[in-house]
Participant: 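Here it is: the structure, laid out below.
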2 protein chains.
Amino acid sequence: MRELASACYRLLQNRTVFHTISIRVLPGFGQLYPSKDGGSAMFLTSNRIHGYEIARATELGEQSCLHTLFARQPVEHLTPGQSLFFEGDSAKHVFDVIEGTLRIFRIISDGRRIITGFVHAGDIVGVSLKGNYLYSAEAITATKVRRLTRKAFDMAVADSEELRPQVFAHVCDEMAAAQDQMVLLSCKNAEERLCSFLLKYLRRTMSEGALQPIVDLPMTRLDMGDYLGLTIETVSRTITKLTSKGVLGPAGRHSLRIIKPATLAQLAGDGDEYEDSRRDFVVHGERRRH
Amino acid sequence: MRELASACYRLLQNRTVFHTISIRVLPGFGQLYPSKDGGSAMFLTSNRIHGYEIARATELGEQSCLHTLFARQPVEHLTPGQSLFFEGDSAKHVFDVIEGTLRIFRIISDGRRIITGFVHAGDIVGVSLKGNYLYSAEAITATKVRRLTRKAFDMAVADSEELRPQVFAHVCDEMAAAQDQMVLLSCKNAEERLCSFLLKYLRRTMSEGALQPIVDLPMTRLDMGDYLGLTIETVSRTITKLTSKGVLGPAGRHSLRIIKPATLAQLAGDGDEYEDSRRDFVVHGERRRH
DNA sequence: CGTAGAGTTGATGGTTTTCAATTTAGGTGG
DNA sequence: CCACCTAAATTGAAAACCATCAACTCTACG
């Protein structure tokens with residue numbers, strides 16, 4: 001019953017929409033799951049069959065990248081704020097994000113939330129797990145995903161010499177990201193954290209062939225704060241500071257124009273230098289902590 | 001050298017049994033490593049052959065846990081402070097730690113060091129990587145390790161239905177540890193961080209069947225600080241505070257006696273409660289940050 | 001047009017860092 | 001075996017950075 005209470009609390013904390021989601025209690029676990037829209041039962045039962053089919057298809061030598069595994073799965077739509085799965089749920093599915101952005105987070109006992117990552121179109125969620133999800137996943141924007149049962153996914157991967165290294169590489173990337181995040185949280189100040197964050201998004205944006213150095217930040221300030229280990233006020237203040245320094249410029253509510261990418265990279269304080277790091281000339285006297 | 005390798009490969013295909021290994025040639029370096037087990041005219045060159053050997057051994061139904069892969073490798077000794085490998089090195093080996101403790105860390109541009117983990121006897125290092133090491137590894141105490149080339153390791157794993165899930169589980173554990181660390185660094189104060197740290201060690205110690213709740217901390221305060229995202233002064237002060245609260249007691253320079261494990265668990269502020277959390281009765285008014 | 005949520009800005013205080021001095025432990029050589 | 005020396009650990013005082021509290025503005029949306 002205590003678990004029930006804390007789960008309710010969590011749902012409240014997560015701002016899960018109450019008026020549209022009915023709650024059902026699953027036997028055995030005592031945990032709350034918001035049930036999805038009516039059709040989901042059909043999806044769930046058909047997944048396994050799809051999985052087998054796909055596994056056989058790849059055996060037969062079809063083009064096999066991880067995403068193709070999901071190609072035949074039905075597309076599911078998530079509205080902003082809707083949950084995909086919860087921390088502690090048994091990890092029954094793997095998801096391919098087709099469109100939109102999700103936040104990946106944990107809630108600790110006293111209600112604080114830690115966002116451990118954001119997931120974007122093209123990413124796959126739920127691979128590096130055994131047993132239960134280590135975190136919850138929630139849509140930030142309108143999101144489209146395809147799901148595959150873990151069983152189907154694992155079988156397809158186990159049977160394919162081609163896929164296995166891809167999964168391994170994926171896990172390694174996740175690990176590397178976690179390491180970077182630990183560095184960021186361990187010993188960077190607010191400005192460095194924000195710059196690292198923006199830089200990551202800038203690189204993503206530019207590598208996608210964007211013409212302008214404008215990063216789209218679909219998440220709220222609270223999300224950014226919970227990701228960077230800062231409060232919304234500090235995030236806001238730091239953005240203001242960077243703007244007044246001329247590093248950033250406003251570009252709409254959920255976008256930022258990066259005016260001086262090189263300065264941003266310097267301020268981020270990573271070891272790896274941005275290619276054109278010496279291009280813009282700025283005095284920045286800070287350096288502290290530890 | 002290549003000819004030598006292929007000759008050995010042929011030998012292996014002819015089912016020539018390699019029982020004793022006297023000399024190991026590391027790929028790329030042509031460096032010679034004498035083996036511990038004595039007298040032997042036989043040698044192997046390419047580690048690839050090692051892989052086959054081990055893979056065949058497991059196929060033949062031998063006990064196969066990850067450690068057994070390393071069983072025949074020579075034992076290497078590291079003195080305190082000695083490096084095992086460096087961040088950025090191409091990740092050519094996987095290591096099995098037999099004895100001692102290592103620190104796993106990264107150094108960022110301005111010289112700050114972040115310890116992302118400690119590695120103890122029984123752990124395996126260097127699995128969750130593709131290409132290059134993401135971190136450096138350095139012995140804290142006198143340490144014994146066995147190494148296997150990544151190639152040999154990967155091949156053994158790829159060929160074994162039994163080993164693959166073990167590697168996957170290992171990676172998942174690492175991932176879970178990284179997540180926990182991110183939570184710790186994101187939103188715990190000094191006391192909570194230290195308590196979490198000590199609790200982890202206490203659990204390890206007790207699960208190893210220790211009779212007394214005394215945790216051995218081979219690392220220095222600086223190591224602890226760099227791991228917990230604190231300075232040595234803060235670490236020291238927090239230990240003093242916990243001692244004056246009666247939670248800890250001194251037990252030698254590199255050991256601490258945990259007098260009130262339940263209080264320690266409460267102060268750690270994790271969601272998961274220690275079984276006997278309500279056993280000792282202490283007022284602790286703190287709760288802050290975020 | 002009005003409300004609610006998100007974002008900004010300001011003032012204040014607390015935790016931890018930083019700087020500095022001191023104590024303790026560990027190792028070496030006489 | 002003890003004195004000495006160095007590195008590690010502790011303790012104190014001041015400052016810095018960020019969190020907290022609070023008031024306010026802005027935007028989106030019905």
Participant: Would a line drawn from the ring center of Tyr133(A) to the ring center of His93(A) be shorter than 6.0 Å?
Facilitator: no
Participant: Just by distance, no angles: are the side chains of Thr243(A) and Thr240(A) close enough, under 3.5 Å, to form a donor-acceptor pair?
Facilitator: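 Looking only at side-chain atoms, Thr240(A) and Thr243(A) do not form any donor-acceptor pair under 3.5 Å.
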Participant: Could you give the CG-to-P distance, from Leu222(B) to dT17(C), as a whole number of Å?
Facilitator: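 Rounded to whole Å, this separation is 13 Å.
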Participant: In a table with atom names and distances, give each donor-acceptor pair under 3.5 Å that connects a side chain of residues 78-87 of chain B to protein atoms at least two apart or in another chain.
Facilitator:
unit_1	atom_1	unit_2	atom_2	d
Thr79(B)	OG1	Gln82(B)	OE1	3.2
Gln82(B)	OE1	Thr79(B)	N	2.9

Participant: Measure from the side-chain heavy atoms of Arg221(A) and tell me the nearest of dT8(C), dT20(D), dC18(D).
Facilitator: dT8(C)
Participant: How close or far is atom C1' of dT17(C) from atom NZ of Lys188(A), stated in whole angstroms?
Facilitator: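 Those two atoms, NZ and C1', are 19 Å apart.
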Participant: Report for the helix from dC1(C)-dG30(D) to dG30(C)-dC1(D): angle between first-end and last-end helix axes, five pairs each, rounded to 10 degrees.
Facilitator: 40°
Participant: Are Arg113(B) and Phe105(B) in a cation-pi contact, defined as NZ or CZ under 6.0 Å from the six-membered ring centre and within 45° of the axis?
Facilitator: yes
Participant: Could you list the residues that satisfy side-chain hydrogen bond (donor to acceptor under 3.5 Å, both in side chains) with Tyr227(B), not counting sequence neighbours?
Facilitator: Gln181(B), Lys200(B)
Participant: For Asp216(B), check salt bridge (Lys or Arg N to Asp or Glu O under 4.0 Å) against everything at least two apart and list the hits.
Facilitator: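 Residues passing salt bridge (Lys or Arg N to Asp or Glu O under 4.0 Å) with Asp216(B): none at all.
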Participant: Send over the distance from Met219(B) CE to dA9(D) P, rounded to a whole Å.
Facilitator: 11 Å
Participant: Rounding to a whole Å, what distance do you find between Leu230(A):CG and dT8(C):P?
Facilitator: 14 Å
Participant: Is any side-chain nitrogen or oxygen of Thr220(B) closer than 4.0 Å to OP1 or OP2 of dA8(D)?
Facilitator: no
Participant: Which residues pass the salt bridge (Lys or Arg N to Asp or Glu O under 4.0 Å) test with Asp180(A), sequence neighbours left out?
Facilitator: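 With neighbours one apart ignored, the set is Arg106(B).
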Participant: Between Arg237(A) and Glu233(A), is there a salt bridge with N-O shorter than 4.0 Å?
Facilitator: no
Participant: Rounded to the nearest Å, what distance is computed from the CE atom of residue Met224(A) to the P atom of nucleotide dG7(C)?
Facilitator: 9 Å
Participant: I would like to know whether Met224(B) and Ile239(B) meet side chain to side chain contact (heavy atoms under 4.5 Å, CB included); could you show each step before the answer?
Facilitator: CA-CA 11 Å; Met224(B) 288 169 61; Ile239(B) 290 178; 4.3 Å; yes
Participant: Quickly work out the Leu228(A) CG to dC17(D) P distance and round it to whole Å.
Facilitator: 18 Å
Participant: How many whole angstroms separate atom CZ of Arg193(A) from atom P of dA19(D)?
Facilitator: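 The distance from CZ of Arg193(A) to P of dA19(D) comes to 8 Å, rounded to the nearest Å.
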Participant: How long is the line joining NE2 of His254(B) and C1' of dA25(C), in whole Å?
Facilitator: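 So the NE2-C1' distance, His254(B) to dA25(C), works out to 9 Å.
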Participant: Using a cut-off of under 3.5 Å, enumerate the N/O to N/O pairs linking the protein to nucleotides 9-12 of chain C.
Facilitator:
unit_1	atom_1	unit_2	atom_2	d
dT9(C)	OP2	Thr240(A)	OG1	2.6
dG10(C)	N7	Arg237(A)	NH1	2.8
dG10(C)	O6	Arg237(A)	NH2	3.2
dA11(C)	N6	Arg237(A)	NH2	3.4

